[in-house]
Amino acid sequence: MQIFLRTLLVIALLAAVVACQPASDSDGAPAPEAASAPAQEPSKLLDAAAAAAGVIDEDFLRTHIAAISDDAMGGRAPGTEGDLMARKYLAEQMAAVGLEPGGVDGTWEQPFDIMRVEYEVPKGWTFKGPNGEVTLERSEEFVAFPGVQSDVAAIEGAELVFVGYGIEAPEYQWDDFKGVDVAGKVLVMLNNDPDWDESIFDGDRRLYYGRWSYKYEQAAKHGAVGAIVHHTRPSAGYGWNVVASSWAGSQVELPAGDEKRIQVGGWTTEGATGKLMALAGQDWSALVEQAKTREFTPVPLGVTTSISLRSSLEKTTTANVIGRLPGGDPELADEVVLYGAHHDHLGIGEADDSGDKIFNGALDNAAGLSAMLGVAKAFGQLPEKPRRTILFATWAAEEQGLLGSKHFRTFPTVPAGRIAANINMDGGNIWGKAENVVFIGKGKSTLDAVVERHAAAQGRTVLADQFPDRGYYYRSDQFNLAKIGVPAVYLNTGTKFVGRDEGWAKEQIETWEANLYHQQGDELEDWWVFDGMIDDARLSFMIGLDVAETTAMPGWQPGDEFEAARKAALAALAN
């Protein structure tokens with residue numbers, strides 16, 4: 001789970017729908033007219049759905065969360081014995097609720113190769129500049145990782161260059177590089193994208209340009225040997241402890257191709273970045289202000305650094321687990337509604353203060369997996385098959401960069417143009433019954449009306465992304481489906497709980513995030529309250545059933561960034 005909790009930390013309930021278009025044109029042209037959602041069609045299955053959804057209950061969810069997050073599965077790191085155990089368990093449970101194998105060659109799995117990179121990072125990273133020398137402390141002030149799949153990843157005497165946000169976005173008239181040659185340099189980059197003025201980018205709604213993965217891609221594109229992303233909690237959406245745990249010890253990647261890569265990537269804390277700027281004799285605040293203009297040009301810092309990371313590489317495999325419920329309508333059965341939930345977590349790492357080394361990932365994402373299994377069971381309780389086929393996919397290696405859904409995006413088992421919608425199930429509500437639900441991606445597609453219709457039947461309202469500045473749409477598996485044109489629903493826990501005051505949810509969730517997110521303590525506890533998780537799972541079931549029963553497929557709003565991909569996917573079916 002790419003930090004699903006960030007959307008939940010709210011004080012006020014913001015009801016405004018996030019804008020889906022790029023910044024308005026300078027000629028003031030009106031926005032395209034919104035696309036209307038397909039009307040709900042009469043369906044006896046929708047009438048029977050409430051009873052079918054009753055199988056999603058606390059006993060079911062708790063049983064599967066306990067099994068998937070058990071110590072025996074060792075944190076489910078990709079390519080490990082625990083990963084294999086989890087995949088076997090999920091295939092067995094899919095069969096138990098009546099699904100057929102939906103993987104390759106009649107199996108339950110869609111396997112793919114991964115490269116496990118175990119690497120050693122020096123305790124200190126030294127930088128030399130006009131004002132002397134600074135050595136940053138590993139984990140406390142910096143993290144570093146190899147960008148290349150080789151025995152040694154190294155930077156030797158390379159100069160640091162500040163490149164602002166590191167963004168090239170011609171549609172927003174933004175170019176942080178201005179043609180400056182930064183080959184062989186180490187780029188220092190701000191996280192996020194320009195967010196202070198809606199007339200520049202898209203206001204406070206973060207785009208992919210603001211993701212750290214984009215930053216490293218840009219550095220490689222320009223021939224840099226390294227890239228350092230400046231961390232702040234507001235720009236990342238999470239604390240430094242999450243960065244330190246997520247980049248510790250080993251990484252899993254898809255095998256390298258012929259793409260350009262940096263030698264070493266890294267992050268620095270606010271304090272550490274300040275030390276580097278003082279070493280360079282630069283006013284960091286002034287540099288940041290310069291970066292907030294279109295006129296910004298790269299700033300050589302006169303600071304050099306060297307670092308060497310030794311790695312051991314192991315090529316292994318993991319797999320997405322896929323089950324299917326064949327559709328019952330001859331005209332629509334070759335189209336699918338795709339549910340997805342990632343099955344991996346962080347595995348085994350350094351011991352915490354209690355001596356626990358296992359990152360169990362109970363909420364992240366045994367909860368989402370269990371809810372998805374509950375949805376699959378509910379579909380099996382219907383009096384007949386839905387019109388469209390329903391696919392259930394558990395994605396591998398999400399925590400390592402959405403790798404499983406990326407592999408599916410590249411090699412879909414169903415043509416992209418035949419995937420009606422994706423419903424992503426990442427995390428869950430363990431705090432109680434909520435009066436509302438957050439829909440990441442609200443305003444982007446005609447699925448809005450479907451979500452609102454069934455949330456209203458539960459007596460709940462639907463909120464847009466409460467933190468559009470953090471770019472959550474690009475941080476979980478639905479992003480890869482959107483890239484091939486598939487509209488998606490990604491629900492997060494609501495902000496107001498029944499019988500609780502406005503501040504209670506924020507307090508509970510902030511405490512969990514600060515202490516347990518991506519930590520060894522993410523385990524199933526007796527105090528978990530399942531009412532809200534049950535509601536959300538049943539809502540996801542109703543949304544998917546509605547899409548499965550409605551003849552017209554969902555679509556993107558006109559002008560949305562993914563509309564062209566949808567059109568291309570549909571056009572490919574005609575060729």
Side-chain angles (χ1 to χ4, degrees), residues 115 117-130 133-168 176-177 180-191 211-231 235-236 240 243-244 246-251 253 256 259-277 279-280 282 284 287 291 298-311 313 401:
M115 189 71 72
V117 185
E118 302 276 352
Y119 56 93
E120 299 176 3
V121 179
K123 291 182 178 180
W125 189 353
T126 299
F127 299 80
K128 299 178 180 180
E133 181 176 299
V134 166
T135 299
L136 303 181
E137 184 179 352
R138 183 185 66 203
S139 298
E140 298 300 319
E141 296 182 295
F142 82 92
V143 297
F145 60 90
V148 291
Q149 293 177 5
S150 62
D151 294 339
V152 178
I155 295 171
E156 297 180 6
E159 182 183 12
L160 272 61
V161 178
F162 177 56
V163 294
Y165 292 91
I167 292 173
E168 292 174 293
D176 281 326
F177 289 90
V180 174
D181 183 4
V182 294
K185 309 296 185 180
V186 175
L187 307 188
V188 179
M189 315 171 92
L190 296 170
N191 206 5
R211 291 285 289 128
W212 54 261
S213 53
Y214 171 81
K215 312 295 182 179
Y216 297 128
E217 290 166 4
Q218 279 289 93
K221 172 185 172 183
H222 284 270
V225 293
I228 297 172
V229 176
H230 170 66
H231 174 271
S235 69
W240 178 255
V243 176
S246 298
W247 293 99
S250 67
Q251 299 298 319
E253 306 173 0
E259 70 276 7
K260 292 183 177 180
R261 287 175 167 250
I262 55 175
Q263 284 285 317
V264 177
W267 291 75
T268 51
T269 64
E270 291 184 80
T273 305
K275 289 182 180 181
L276 297 182
M277 295 306 121
L279 185 63
Q282 293 282 352
W284 179 235
L287 286 179
V299 179
L301 297 176
V303 172
T304 60
T305 190
S306 299
I307 189 171
S308 179
L309 281 62
R310 293 193 172 277
S311 302
L313 289 81

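When a residue number appears, it is its place in the shown sequence, counting from 1.
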Would you compute the distance between atom CD of Q218 and atom CG of D176 and round it to the nearest 0.5 angstrom? 9.0 Å
Aromatic ring proximity W247/W212, centre distance under 6.0 Å: yes
Between V143 and R138, is any pair of side-chain heavy atoms under 4.5 Å apart? no
Under 4.5 Å between any side-chain heavy atoms of S306 and T126, yes or no? no
Interatomic distance, I228 atom CD1 to M189 atom CE [nearest 0.5 angstrom]: 11.0 Å
So, for G147 and R261, which heavy atoms are closest and what is the spacing to 0.1 Å? O-NH1, 2.9 Å
Go through the steps for E270 and H230 under the test side chain to side chain contact (heavy atoms under 4.5 Å, CB included), then give the verdict. CA-CA 7 Å; E270 291 184 80; H230 170 66; 3.9 Å; yes
Roughly how far, to the nearest 0.5 Å, is the CE atom of M115 from the CD atom of Q251? 14.0 Å
Are any of the side-chain heavy atoms of K260 and K221 separated by less than 4.5 Å? no
Which value, rounded to the nearest 0.5 Å, describes the distance between Y214 atom OH and N191 atom CG? 13.0 Å
Any side-chain heavy atom of V188 sitting closer than 4.5 Å to one from L301? yes
I'd like to know if the side chain of K215 reaches the main chain of L190, judged simply by a donor and an acceptor atom lying under 3.5 Å from each other, with no hydrogens or angles considered. yes
Just by distance, no angles: are the side chains of T305 and W125 close enough, under 3.5 Å, to form a donor-acceptor pair? yes
Minimum-distance pair of heavy atoms, taken over all atoms of A227 and V186: N-CG1, 4.2 Å
Centroid-centroid distance, F145 to Y216, less than 6.0 Å: yes
Output all residues satisfying side chain to side chain contact (heavy atoms under 4.5 Å, CB included) with A244, sequence neighbours left out; order by chain, then residue number. W240
Tightest non-hydrogen contact, residues K123 and F142, listed as O-CE2, 4.0 Å
Hey, could you give me the OG1/CD distance between T269 and E141, rounded to the nearest 0.5 Å? 5.5 Å
Under 3.5 Å, is there a donor-acceptor pair between the side chain of R310 and the main chain of Y119? no
Assess whether side chain to side chain contact (heavy atoms under 4.5 Å, CB included) is satisfied between I262 and V225, documenting all intermediate values. CA-CA 5 Å; I262 55 175; V225 293; over 6 Å; no
Minimal heavy-atom distance between G124 and T135, with the atoms involved, is CA-CG2, 3.7 Å
Could you tell me the separation between the OH atom of Y165 and the OG atom of S235, rounded to the nearest 0.5 Å? 8.5 Å
Side-chain polar contacts of residues 148-164 - donor-acceptor pairs under 3.5 angstrom, sequence neighbours left out - could you list them?
| unit_1 | atom_1 | unit_2 | atom_2 | d |
| --- | --- | --- | --- | --- |
| Q149 | OE1 | A256 | N | 3.0 |
| Q149 | NE2 | E253 | OE1 | 2.7 |
| Q149 | NE2 | L254 | O | 3.0 |
| S150 | OG | V152 | O | 2.9 |
| E159 | OE1 | K185 | NZ | 3.4 |
| E159 | OE2 | G302 | N | 3.0 |

Show, in sequence, the C-alpha distance, side-chain angles and deciding distance for E217 and H222, and conclude whether the side chain to side chain donor-acceptor pair (under 3.5 Å) test is met. CA-CA 9 Å; E217 290 166 4; H222 284 270; over 6 Å; no
Run the numbers on L187 and V182 for side chain to side chain contact (heavy atoms under 4.5 Å, CB included), then give the verdict. CA-CA 8 Å; L187 307 188; V182 294; 3.8 Å; yes
Nearest heavy-atom neighbours spanning V303 and P130: CG2-CD, 4.4 Å
